[in-house]
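I have placed the structure first, in the form of structure tokens, so that the comments after it can refer back to it.
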Amino acid sequence: MKVLLHTCCAPCTTHCIEALRKLGHKPTLFFSNANISPAEEFNKRFKEVIKLAGIMNVPLLLDDPDHDEWLAMVAQGLEAEPEKGLRCSHCFEYALQRTYHQMKKMRLNGFTTTLTVSPHKASDLIAKIGKRISESYLDINFKKQDGFKNSLELSKEYKLYRQSYCGCEFSLRDNRARLMAQQP
């Protein structure tokens, strides 16, 4: 089955490519991350995904990153929400909708997301959103069977940049606040 894989970053994508291939799928990566801020961070992450696509010999597409549109459609009025709050579920839906529409445009068989490999993301919520969008959503919890651990090992092996926050300026703000609170 030809699958469009919403790709949040190179480290998370490593294990997902392997897992999809083991299931007999042929993934195409879809870097759809209008949430990532600042632009330098977006470019750094995309560069790493390009590197990974070359290493693992996987096709890659870039979605047009319109951060202003993302702010208006996802974050407006939810700026104060904490990480894992309502803004995040809107962000998941935004990314999965874009992935679904690209999958249809390309006439592929299904779509899924690397987001479920992270222990910081609610896989059940992501699956619920994906299934609501379309029956063609592949409900795969990539963190199962040590998926996250495998992604860490592969990231190290491939010397991939590993970011310290999810992507948007609000997750960066929350990450900085957490780090400040941990300082003695």
Looking only at heavy atoms, which two atoms of Leu154 and His15 are closest? And how far apart? CD1-N, 4.0 Å
Check for a donor-acceptor pair, side chain of Glu79 on one end and backbone N or O of Gly77 on the other, with a separation under 3.5 Å. yes
Checking Asn150 against Glu18: is there a side-chain donor and acceptor pair closer than 3.5 Å? yes
Counting N and O atoms only, with roles assigned by atom type, does the side chain of Glu81 sit under 3.5 Å from a partner on the main chain of Leu86, one being a donor and the other an acceptor? yes
Test your reading of the model: is there a side-chain donor-acceptor pair from Lys105 to the backbone of Tyr100, 3.5 Å cut-off? no
What ring-ring contact (aromatic ring centres under 6.0 Å, His included) pairs are there with at least one residue in residues 137-167, not counting sequence neighbours? Phe111-Tyr137
Tell me, yes or no, whether the heavy-atom count around Arg132 atom CZ, taken from other residues, nucleotides or ligands under 6.0 Å, exceeds 12. yes
Is a side-chain donor or acceptor of Thr28 paired with a backbone partner of Leu60 at a separation under 3.5 angstrom? no
Using only atom types and a distance under 3.5 Å, with no angle test, would you say the side chain of Thr7 pairs donor to acceptor with the backbone of Cys9? no
So, are Arg45 and Glu41 salt-bridged, with charged N and O less than 4.0 Å apart? yes
Using modelled atom types and a 3.5 Å cut-off, is there a donor and acceptor pairing between side-chain atoms of Asn35 and backbone atoms of Gly167? no
Euclidean distance, His120 NE2 relative to Cys166 SG, rounded to 0.5 Å: 10.0 Å
Taking the six-membered ring for Trp, are the ring centroids of Phe42 and Phe31 within less than 6.0 Å of each other? yes
Take Gln76 and His90 through the side chain to side chain donor-acceptor pair (under 3.5 Å) test and state the conclusion after the steps. CA-CA 11 Å; Gln76 191 169 19; His90 287 242; over 6 Å; no
Donor-acceptor contact present, side-chain His6 to main-chain Thr99, <3.5 Å: no
If you count heavy atoms of other groups shown closer than 6.0 angstrom to CE of Met56, is the number above 12? yes
Please check this pair: side chain of Lys143 against backbone of Ser118, looking for a donor-acceptor N/O pair closer than 3.5 Å. yes
Check the surroundings of atom CZ in Arg162: do more than 12 heavy atoms from other residues, nucleotides or ligands lie under 6.0 Å from it? yes
Other residues, nucleotides and ligands only: do more than 12 of their heavy atoms fall within 6.0 Å of CD on Gln145? no
Are the side chain of Asp66 and the backbone N or O of Glu69 linked by a donor-acceptor pair below 3.5 Å? yes
To the nearest 0.5 Å, what is the distance between CZ (Arg98) and CG (Asp63)? 4.0 Å
Ser37 side chain vs Cys168 backbone, donor-acceptor pair below 3.5 Å: no
Non-hydrogen atoms of Val3 and Leu108 that approach each other most closely: C-CD1, 4.2 Å
Does the distance from a Lys or Arg side-chain N to an Asp or Glu carboxylate O, for Lys128 and Glu93, drop under 4.0 Å? no
Around Asp139, counting heavy atoms of other residues, nucleotides and ligands shown, do more than 12 lie under 6.0 Å from its CG? yes
